[in-house]
Chemist: 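I'd like to ask you about the structure that follows.
FYI, the numbering just counts along the sequence from 1.
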Amino acid sequence: MESDLSFFVLLARRESFTATGRDLGISASAVSRRLAKLEDRLGIRLLNRTTRRVSLTSEGDAYLLEAARILGDIDALEQRITGARDTPKGLLRINSTLRFGRTYIAPAISSFKQRHPEVQVQLILTDAPLNLVKEGIDLGIRFGAPPDSRMVMKMLVRNRRYLCASPSYLANHGTPAFLGDLQGHNCIVLRQDHGAYDVWRFDDRNGEMQTAKVSGNLSTNDGEIALDWVLGGHGIMLRSEWDIARHVRDGSLRVVLPACRQTAHLSAVFPERHNLSARVRRFVDHLAGTLKGAETTAPLALSPEDLEIQP
């Protein structure tokens with residue numbers, strides 16, 4: 001049973017008979033035959049086949065989620081029994097956003113590996129967060145709350161998002177005094193999730209959510225490109241303070257409407273069962289310490305002075 005589950009999870013994630021066969025050391029036709037036997041035993045069709053790839057049916061999607069959960073529970077059980085709770089070992093798969101992953105997560109993994117050589121680490125960087133259970137990810141590094149309430153969260157760094165623009169843009173187009181003024185400005189839109197890209201939401205004020213409808217002639221799903229456009233004087237952007245703090249301090253960016261902000265703390269997110277995994281717990285603790293050390297040399301948060309708010 002467990003071998004069938006592992007086989008199907010691998011095939012569903014690889015989405016290819018050839019790639020799965022390469023991983024298992026068997027032919028693509030052998031993968032196809034094994035899948036057919038599994039479907040015959042279950043009496044349902046799990047995958048749709050095409051000439052190039054396979055895709056999940058609705059039943060296959062449900063089977064994948066449960067198979068991944070069961071395999072994770074087995075892994076957690078084995079770790080408890082063998083004492084792996086205290087000795088980090090095995091494969092740790094981490095998902096993070098591109099820029100933050102390159103800047104902070106990758107160096108933290110390097111120093112973590114020096115302390116725990118028995119842990120294998122895979123870092124998967126994506127524009128938008130992945131589904132941890134479906135993609136077999138042990139740990140996600142995310143800004144804001146996860147969409148799935150079944151996830152465990154540990155806050156790593158307090159973070160807010162602010163409106164920002166370059167001094168040259170503000171000199172040429174004026175500085176907005178109210179949220180409604182954003183409609184007259186070129187706003188650079190970041191398309192990284194499934195929400196409304198052109199509606200920016202800010203923290204409650206006097207019990208009411210503040211929103212702004214924005215538009216502009218530049219948009220992208222890459223935060224680094226968007227930030228470069230803002231630095232180049234092309235418009236106003238809503239961006240995390242950790243990413244703009246150094247630019248605000250060196251004068252290449254200014255915070256606009258500083259009272260309007262989003263709370264989006266950085267958290268480590270993982271399925272509840274992984275709370276028992278030594279490799280997850282140790283890495284989360286290590287990452288928290290690494291980020292705390294970074295704060296002492298180059299603070300990730302903006303101070304009232306940075307925001308030009310009078311005390």
Side-chain angles (χ1 to χ4, degrees), residues 97 99-100 103-104 128-129 141-147 153 155-167 169-170 173-216 218-221 223-224 226-231 233-267 269 291-292 294-295 298-311:
T97 55
R99 190 180 183 94
F100 196 87
T103 306
Y104 294 100
I141 310 300
R142 294 183 173 175
F143 290 92
M153 291 183 62
M155 191 178 74
L156 299 170
V157 175
R158 293 188 179 277
N159 177 73
R160 294 161 295 187
R161 295 189 182 109
Y162 287 97
L163 297 164
C164 62
S166 69
Y169 176 86
L170 298 175
H173 301 278
T175 301
F178 304 97
L179 270 182
D181 296 341
L182 291 178
Q183 294 182 355
H185 285 268
N186 194 49
C187 293
I188 296 173
V189 176
L190 192 59
R191 299 171 176 265
Q192 287 188 330
D193 53 40
H194 301 292
Y197 305 120
D198 58 348
V199 177
W200 289 347
R201 294 176 173 81
F202 302 90
D203 291 351
D204 291 351
R205 193 174 186 181
N206 300 323
E208 295 182 2
M209 176 71 73
Q210 300 180 90
T211 62
K213 179 82 170 177
V214 300
S215 62
L218 290 172
S219 67
T220 178
N221 68 339
E224 194 165 350
L227 183 58
D228 287 341
W229 286 341
V230 176
L231 290 165
H234 293 289
I236 296 174
M237 184 184 182
L238 182 64
R239 193 66 179 159
S240 289
E241 58 185 323
W242 74 266
D243 205 15
I244 65 172
R246 61 191 176 95
H247 299 297
V248 172
R249 294 185 185 111
D250 68 20
S252 54
L253 285 181
R254 285 179 53 193
V255 173
V256 177
L257 300 172
C260 299
R261 61 198 186 194
Q262 286 183 357
T263 296
H265 299 322
L266 177 71
S267 299
V269 182
L291 294 174
K292 185 176 180 180
E295 282 274 57
L300 305 181
L302 291 167
S303 68
E305 291 76 18
D306 296 325
L307 301 173
E308 298 182 350
I309 300 175
Q310 297 300 316

Chemist: Taking all non-hydrogen atoms of both residues into account, name the closest pair between Gly144 and Met153 and its distance.
Modeler: O-CE, 4.0 Å

Chemist: Can you check whether Leu238 reaches Gln262 side chain to side chain, under 4.5 Å on heavy atoms?
Modeler: yes

Chemist: Hey, does Val230 have a side-chain heavy atom less than 4.5 Å from the side chain of Arg239?
Modeler: no

Chemist: Enter the distance from Glu224:CD to Thr97:OG1 here, rounded to the nearest 0.5 Å.
Modeler: 11.0 Å

Chemist: Are any side-chain N or O atoms of Asp198 and backbone N or O atoms of Ser215, one a donor and one an acceptor, separated by less than 3.5 Å?
Modeler: no

Chemist: Report yes if the side chains of His265 and Val157 come closer than 4.5 Å at any heavy-atom pair, otherwise no.
Modeler: no

Chemist: Start with the C-alpha gap between Val248 and Val255, add the side-chain angles, then the distance that decides, and say whether side-chain contact (heavy atoms from CB on, under 4.5 Å) holds.
Modeler: CA-CA 7 Å; Val248 172; Val255 173; 4.1 Å; yes

Chemist: What are the two closest heavy atoms between Cys164 and Leu253, and how far apart are they?
Modeler: SG-CD1, 4.2 Å

Chemist: Any idea which heavy atoms bring Asp203 and Gln210 closest together, and the distance?
Modeler: O-NE2, 3.6 Å

Chemist: Grab the two heavy atoms, one from Cys260 and one from Tyr162, that are nearest each other, plus how far apart they are.
Modeler: O-CD2, 4.3 Å

Chemist: For Pro167 and Gly251, which heavy atoms make the closest approach, and how far apart are they?
Modeler: CG-O, 3.4 Å

Chemist: Please lay out, stage by stage, how Arg142 and Ser267 fare under the test side-chain contact (heavy atoms from CB on, under 4.5 Å).
Modeler: CA-CA 5 Å; Arg142 294 183 173 175; Ser267 299; 5.7 Å; no

Chemist: So, does Asp243 use its side chain to make a donor-acceptor pair with the main chain of Ser240 at under 3.5 Å?
Modeler: no

Chemist: Taking His234's backbone N and O only, do any of them form a donor-acceptor pair with Asn186's side chain (distance below 3.5 Å, no angle check)?
Modeler: yes

Chemist: Are Leu163 and Trp200 side-chain neighbours, meaning at least one heavy-atom pair lies under 4.5 Å?
Modeler: yes

Chemist: Is there side-chain contact between Asn159 and Phe143, with at least one heavy-atom pair below 4.5 Å?
Modeler: yes

Chemist: Is there a side-chain contact between Leu266 and Phe100, using heavy atoms and a 4.5 Å cut-off?
Modeler: yes

Chemist: Please report the C-alpha distance between Leu190 and Met237 in whole Å, then the side-chain angles of each, then the deciding distance to 0.1 Å, and finally whether the side-chain contact (heavy atoms from CB on, under 4.5 Å) criterion is met.
Modeler: CA-CA 8 Å; Leu190 192 59; Met237 184 184 182; 4.1 Å; yes

Chemist: Looking only at the side chains, is there a donor atom on one of Thr263 and Arg160 sitting less than 3.5 Å from an acceptor on the other?
Modeler: no

Chemist: side-chain contact (heavy atoms from CB on, under 4.5 Å) for Leu227 and Arg99? Distances and angles first, verdict last.
Modeler: CA-CA 11 Å; Leu227 183 58; Arg99 190 180 183 94; 3.7 Å; yes

Chemist: Going by the side chain to side chain contact (heavy atoms under 4.5 Å, CB included) test, name the single residue among Leu182, Leu257, Val214 that passes it with Ile236.
Modeler: Leu182

Chemist: Can you check whether Leu302's main-chain N or O pairs, donor with acceptor, with Glu241's side chain at less than 3.5 Å?
Modeler: yes

Chemist: Specify whether His173 and His185 have parallel, tilted or perpendicular ring planes, treating 30° as the upper limit for parallel and 60° as the lower limit for perpendicular.
Modeler: perpendicular

Chemist: What's the separation between atom CD1 in Ile244 and atom CZ in Arg254, rounded to the nearest 0.5 Å?
Modeler: 12.5 Å

Chemist: For residues Leu231 and His247, determine if any side-chain heavy atom of one lies less than 4.5 Å from a side-chain heavy atom of the other.
Modeler: yes

Chemist: Could you pull out the closest heavy-atom pair between Ala226 and Ile188, with the gap in Å?
Modeler: CB-CG2, 4.1 Å

